[in-house]
Amino acid sequence: MVASVRLVPVDVDRDGDADDELRRELGAGFLLVTPGVRPSGGDKEDQERLATPADAIRAGADAVIGGRALYEAPDPAEAAAAIAREIEGL
């Protein structure tokens with residue numbers, strides 16, 4: 001099923017090595033998506049391994065998923081805008 005949608009969720013590897021290996025194995029047509037990102041300075045909550053949006057993009061992710069960082073935020077629209085600003089600043 002994953003191959004049919006060409007989307008691979010990955011835990012970001014901060015040095016990018018795992019993402020490079022995935023790209024070699026899967027080809028450039030796959031999107032690497034990092035779930036569970038939190039904006040810089042955000043609450044870590046129960047996350048043991050945390051990536052900021054910038055960490056994920058720098059490590060090779062094509063997209064990020066905010067999840068709880070967005071839907072549990074007091075102002076979800078502002079939380080999404082903060083993530084977008086962080087990525088745009090790269």
Side-chain angles (χ1 to χ4, degrees):
M1 170 109 178
V2 169
S4 67
V5 295
R6 303 183 72 74
L7 178 75
V8 178
V10 296
D11 267 338
V12 67
D13 178 25
R14 285 179 176 53
D15 64 12
D17 292 342
D19 299 336
D20 291 343
E21 185 178 330
L22 277 171
R23 288 212 188 271
R24 278 192 303 275
E25 288 180 24
L26 301 173
F30 278 82
L31 292 176
L32 299 181
V33 179
T34 300
V37 299
R38 305 280 176 144
S40 294
D43 187 1
K44 189 175 171 183
E45 293 185 18
D46 64 346
Q47 301 293 314
E48 289 186 27
R49 184 165 184 232
L50 185 67
T52 67
D55 291 336
I57 298 298
R58 276 191 216 101
D62 296 303
V64 297
I65 299 171
R68 281 185 285 170
L70 299 177
Y71 68 75
E72 290 183 350
D75 183 347
E78 176 50 38
I83 289 173
R85 284 191 300 272
E86 186 173 335
I87 292 170
E88 289 170 356
L90 297 178

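The model shown is predicted, which means the values in this text are computed figures rather than measured ones.
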(request) Looking only at non-hydrogen atoms, find the nearest pair between Val33 and Pro35 and report the distance. (result) O-CD, 3.4 Å

(message) Tell me the closest heavy-atom pair linking Ala79 and Ala73, and the distance in Å.
(response) CB-CB, 3.7 Å

(request) With sequence neighbours excluded, tell me which residues meet side-chain contact (heavy atoms from CB on, under 4.5 Å) with Ile87. (result) Pro53, Ile57, Val64, Ile83

(request) If a pair satisfies salt bridge (charged side-chain N to carboxylate O under 4.0 Å, His left out) and one of its residues is in residues 78-90, list it, with sequence neighbours excluded. (result) Glu78-Arg85

Acceptor/donor pairs from residues 25-32 side chains to any protein atom, 3.5 angstrom cut, sequence neighbours excluded:
none

